[in-house]
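Naming: A, B, ... by sequence-line order, numbering from 1 per chain.
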Amino acid sequence: MKKTGSLKISRQRPEENEDFFNRVYRVTGMIPFGRVTSYGAIARYLGSGQSARTVGWALNASHCQPWFVPAHRVVNRKGQLTGKHHFGNSSTMQQLLENEGLIVDDDRIVNFREKFWDPSTEFK
DNA sequence: ATTCTGACAGCAA
DNA sequence: TTTGCTGCCAGAA
């Protein structure tokens with residue numbers, strides 16, 4: 001199949017032939033500043049709606065990527081920061097989110113509905 | 001090849 | 001509404 005040139009730049013639409021982890025990283029990179037999405041939403045966007053857990057597993061290794069993967073912008077369906085223990089300090093994820101103007105209360109994104117960004121419907 | 005695991009999500013209660 | 005149980009699938013503890 002045709003390659004889209006020699007682009008190795010991050011933040012671009014996931015390609016079909018990329019392995020799952022890489023596609024997860026790319027979608028995660030598309031999440032706008034100050035917005036969040038869920039593991040399941042990413043999985044659905046990648047055409048594998050039952051692989052939400054694997055998305056989390058991929059993000060667990062995202063720090064190995066050569067470019068910045070805003071993994072803190074991915075929370076669970078309820079808007080809870082279930083992955084916070086995978087950041088250096090258990091409060092790091094919340095701090096990163098607050099730095100983007102989000103409000104976190106009791107490990108949940110306040111106004112999650114409004115801040116939620118679904119790649120399946122909002123990516124253009 | 002097989003088995004186990006997990007940053008989940010759907011559904012029943 | 002929230003909690004607990006179960007199925008899911010891509011990697012590797």
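Distance from the side chain of A:Thr82 is smallest for B:dA7 among the nucleotides B:dA7, C:dT3, C:dA10. Listed nucleotides B:dG10, C:dT2, C:dT3 differ in distance to A:Lys78; the shortest reach to its side chain belongs to C:dT3.
The base of C:dC9 does not come close enough to the side chain of A:Arg53 for any donor and acceptor atom to sit less than 3.5 Å apart.
Rounded to an integer number of Å, the gap from A:Phe21 CZ to C:dA12 P is 6 Å. Going from atom CD1 of A:Ile31 over to atom P of B:dA7 covers 17 Å, rounded to whole Å. Separating the CZ atom of A:Arg113 from the C1' atom of C:dT1 is a distance of 15 Å, rounded to the nearest angstrom. For the pair A:Gln50 CD and B:dG10 P, the computed distance is 9 Å after rounding to whole Å.
Interface residues of residues 32-40 of chain A facing DNA chain B, ordered by number: A:Ser38, A:Tyr39, A:Gly40; criterion, heavy-atom separation under 4.0 Å.
In this pair, A:Tyr25 and A:Phe21 present their aromatic rings perpendicular. The plane angle is above 60°, beyond the 30 to 60° band.
Among residues two or more places apart in sequence or in another chain, the side-chain hydrogen bond (donor to acceptor under 3.5 Å, both in side chains) test is passed with A:Ser91 by A:Asn89. The side-chain hydrogen bond (donor to acceptor under 3.5 Å, both in side chains) test applied to A:Asn99 returns no partner, not counting sequence neighbours. A search for side-chain hydrogen bond (donor to acceptor under 3.5 Å, both in side chains) contacts involving A:Ser62 returns nothing, not counting sequence neighbours.
In DNA chain B, the stems built from three or more successive Watson-Crick or G-U pairs (distances below 3.5 Å) are B:3-6 with C:9-12, B:8-13 with C:2-7.
The backbone N or O of A:Leu46 lies less than 3.5 Å from a partner atom in the side chain of A:Arg23, making a donor-acceptor pair. Using a distance-only test at 3.5 Å, with no hydrogens or angles considered, no donor-acceptor pair links the side chain of A:Asn111 to the main chain of A:Glu114. Side chain of A:Arg73 to backbone of A:Ile31: a donor-acceptor contact under 3.5 angstrom is found. Between the side chain of A:Ser38 and the backbone N or O of A:Ala41 there is at least one donor-acceptor pair closer than 3.5 Å.
When the nearest nucleotides of DNA chain C are assigned to A:Ser51 and A:Ala61 by heavy-atom distance, the more 5′-ward of the two goes with A:Ser51. Annotation: of the two residues near DNA chain B, A:Asn76 and A:Thr54, the 5′-most nearest-nucleotide partner is A:Thr54.
Side-chain contact check for A:Trp117 versus A:Met30: some heavy-atom pair is nearer than 4.5 Å.
No salt bridge links A:Glu100 with A:Arg35; every basic N to acidic carboxylate O contact stays at or beyond 4.0 Å.
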Extract from the structure each pairing of a protein N or O with an N or O of nucleotides 11-13 of chain B at less than 3.5 Å, listing the distance.
none

